[in-house]
Undergrad: 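First the structure, then my questions, so here it is.
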Amino acid sequence: MDDKLHGRAAQSDAIRKRAQAEMKSIGIDDVLISVLVEAFYARVLLHAQLGPVFDAKLAGRWPDHMEKMKSFWSALAFRSGAYGGKPVQAHLGVANMTPELFPQWLELFAATVEEIVPTEEARAWFTATADRIARSLAISLFYNPALDDPALKQY
Ligand code: HEM
């Protein structure tokens, strides 16, 4: 039992070390994540469609949100386990959330990454990771199996 636990701890330690080395080699660190997150949400607030949806939910709580988003990206990059939130549940409580907002979020994120992130590999990592999570969030929030049922399709 003890051996098993030690084995698992050693394995996650190895995964973390590998992630840290990989991120370091492409130029991603916590300072870059912090700058990117600050720049992105500053733009979100100025965005005609995204801004009001975010601010309606986060007015008075922005500093908390920024800290959460930094630990979210840091946990993804370094496999640190630093973020323990529940993104699907958090978005279920967002008023006026629509599928059309996702491409706009992703476009704004990619434009911010393009300006802020210095290496091609790091840019690719941020945009691919955001695409993947956005897709899975959108499926969790909006997927309706009935729309896939051929018997229900309108011709
Ligand atoms: C359609 C686009 C999106 C909108 C309008 C949106 C809006 C929001 C809002 C308003 C919150 C704050 C919830 C609260 O604290 O009450 C939030 C939290 C969060 N969002 Fe999004 N979001 C979007 C897309 C994304 C995407 C693509 C990602 C990931 C790449 C993401 C990751 C997160 C995370 C990690 C949190 C914190 C959840 C928690 O632990 O409380 N969001 N989002």
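All ligand and atom numbering here is 1-based and tracks the order in the structure.
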Undergrad: Test your reading of the model: is there a side-chain donor-acceptor pair from Ser74 to the backbone of Asp30, 3.5 Å cut-off?
TA: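 No.
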
Undergrad: Could you find the nearest protein heavy atom to atom 1 (C) of ligand 1 and give me its residue, atom name and distance?
TA: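 Here the closest protein heavy atom is Leu101 CB, 3.4 Å.
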
Undergrad: Other residues, nucleotides and ligands only: do more than 12 of their heavy atoms fall within 6.0 Å of CZ on Arg43?
TA: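 Enclosed.
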
Undergrad: Should the proximity of Gln104 to ligand 1, defined as any heavy atom under 4.0 Å, be assigned to the side chain, the backbone, both, or neither?
TA: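 Answer for Gln104: neither.
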
Undergrad: Does Lys57 reach the main-chain N or O of Ala95 with its side chain, forming a donor-acceptor pair under 3.5 Å?
TA: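 No; zero donor-acceptor contacts below 3.5 Å.
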
Undergrad: What distance separates Leu137 CG from Arg132 CZ, expressed to the nearest 0.5 Å?
TA: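 Spacing of CG (Leu137) from CZ (Arg132) equals 11.5 Å.
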
Undergrad: As an exercise, identify every atom of ligand 1 less than 4.0 angstrom from a heavy atom of Lys57.
TA: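 So the atoms of ligand 1 that pass are 10 (C), 16 (O).
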
Undergrad: Please state which protein non-hydrogen atom is closest to atom 12 (C) of ligand 1 and give its distance, to 0.1 Å?
TA: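 Protein heavy atom with the smallest distance to atom 12 (C) of ligand 1: Leu58 CD2, 3.8 Å.
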
Undergrad: Any non-hydrogen atom of Arg61 lying under 4.0 Å from ligand 1?
TA: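 Contact present.
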
Undergrad: Under 4.0 Å, heavy-atom basis, I'd like to know which part of Phe102 is in contact with ligand 1: side chain, backbone, both or neither.
TA: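 Phe102 to ligand 1: contacts from backbone and side chain alike.
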
Undergrad: Of the protein's non-hydrogen atoms, which lies at the shortest distance from atom 18 (C) of ligand 1, and what is that distance?
TA: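 Nearest neighbour among protein heavy atoms for atom 18 (C) of ligand 1, to 0.1 Å: His65 CE1, 3.5 Å.
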
Undergrad: Taking 4.0 angstrom as the limit, do Lys17 and Asp13 come out as a salt bridge?
TA: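 Yes, charged N to carboxylate O under 4.0 Å.
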
Undergrad: Please state whether Phe109 comes within less than 4.0 angstrom of ligand 1, counting heavy atoms only.
TA: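 Phe109: no contact with ligand 1 (<4.0 Å).
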
Undergrad: Just which atoms of ligand 1 are under 4.0 Å from any heavy atom in Ala134?
TA: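 Contacts of ligand 1 toward Ala134, numbered from 1: 27 (C).
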
Undergrad: Less than 2.8 Å from atom 21 (Fe) of ligand 1 is the window; count the protein N, O or S atoms in it.
TA: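 With waters ignored, the protein N/O/S count below 2.8 Å is 1.
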
Undergrad: If we only count heavy atoms from C-beta on, is the Leu45 to Trp62 side-chain gap below 4.5 Å?
TA: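 Sidechains of Trp62 and Leu45: in contact.
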
Undergrad: Counting each atom of ligand 1 from 1 as listed, which ones have a heavy atom of Gly85 under 4.0 Å away?
TA: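 By the 4.0 Å cutoff, the relevant atoms are 40 (O).
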
Undergrad: With hydrophobic residues grouped by side-chain heavy-atom distances under 4.5 Å, do Ile15 and Met23 end up in a single group?
TA: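 In one cluster: no.
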
Undergrad: Can you tell me the protein heavy atom closest to atom 36 (C) of ligand 1 and the distance?
TA: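 The closest heavy atom on the protein side is Met69 SD, 3.5 Å.
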
Undergrad: Which ligand 1 atoms, with their elements, are less than 4.0 angstrom from a heavy-atom of Ile133?
TA: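 Once the distances to Ile133 are compared, the set is 29 (C), 30 (C).
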
Undergrad: Are any of the side-chain heavy atoms of Glu38 and Lys70 separated by less than 4.5 Å?
TA: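 A side-chain contact exists here, since the closest heavy-atom pair is under 4.5 Å.
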
Undergrad: So, is Lys68 polar-close to ligand 1, with some N/O to N/O distance under 3.5 Å?
TA: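 The answer is yes, given that Lys68 and ligand 1 share an N or O pair closer than 3.5 Å.
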
Undergrad: Parallel, tilted or perpendicular, judged at 30° and 60°: which one describes the rings of Phe109 and Trp105?
TA: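 Rings of Phe109 and Trp105: parallel, under 30°.
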
Undergrad: Below 4.0 Å from any atom of ligand 1, is there a heavy atom belonging to Gln89?
TA: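 Under 4.0 Å: no for Gln89.
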
Undergrad: May I ask you to identify the nearest protein heavy atom to atom 40 (O) of ligand 1, giving residue, atom name and distance to one decimal place in Å?
TA: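 Of every protein heavy atom, Tyr83 OH, 2.7 Å lies nearest to atom 40 (O) of ligand 1.
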
Undergrad: Counting N and O atoms only, with roles assigned by atom type, does the side chain of Ser25 sit under 3.5 Å from a partner on the main chain of Glu22, one being a donor and the other an acceptor?
TA: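 Checking the backbone N and O of Glu22 against the side chain of Ser25, a donor-acceptor pair under 3.5 Å is found.
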
Undergrad: Sequence neighbours excluded, which residues qualify as ring-ring contact (aromatic ring centres under 6.0 Å, His included) partners of Phe102?
TA: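 With neighbours one apart ignored, the set is empty.
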
Undergrad: May I ask you to check whether Trp73 and Tyr83 place their ring centers less than 6.0 Å from one another?
TA: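 Centroid separation for Trp73 and Tyr83: 6.0 Å or greater.
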
Undergrad: Run through Thr112, Val117, Ile116 and flag the one making a side chain to side chain contact (heavy atoms under 4.5 Å, CB included) with Val35.
TA: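 So the option named by the test is Ile116.
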
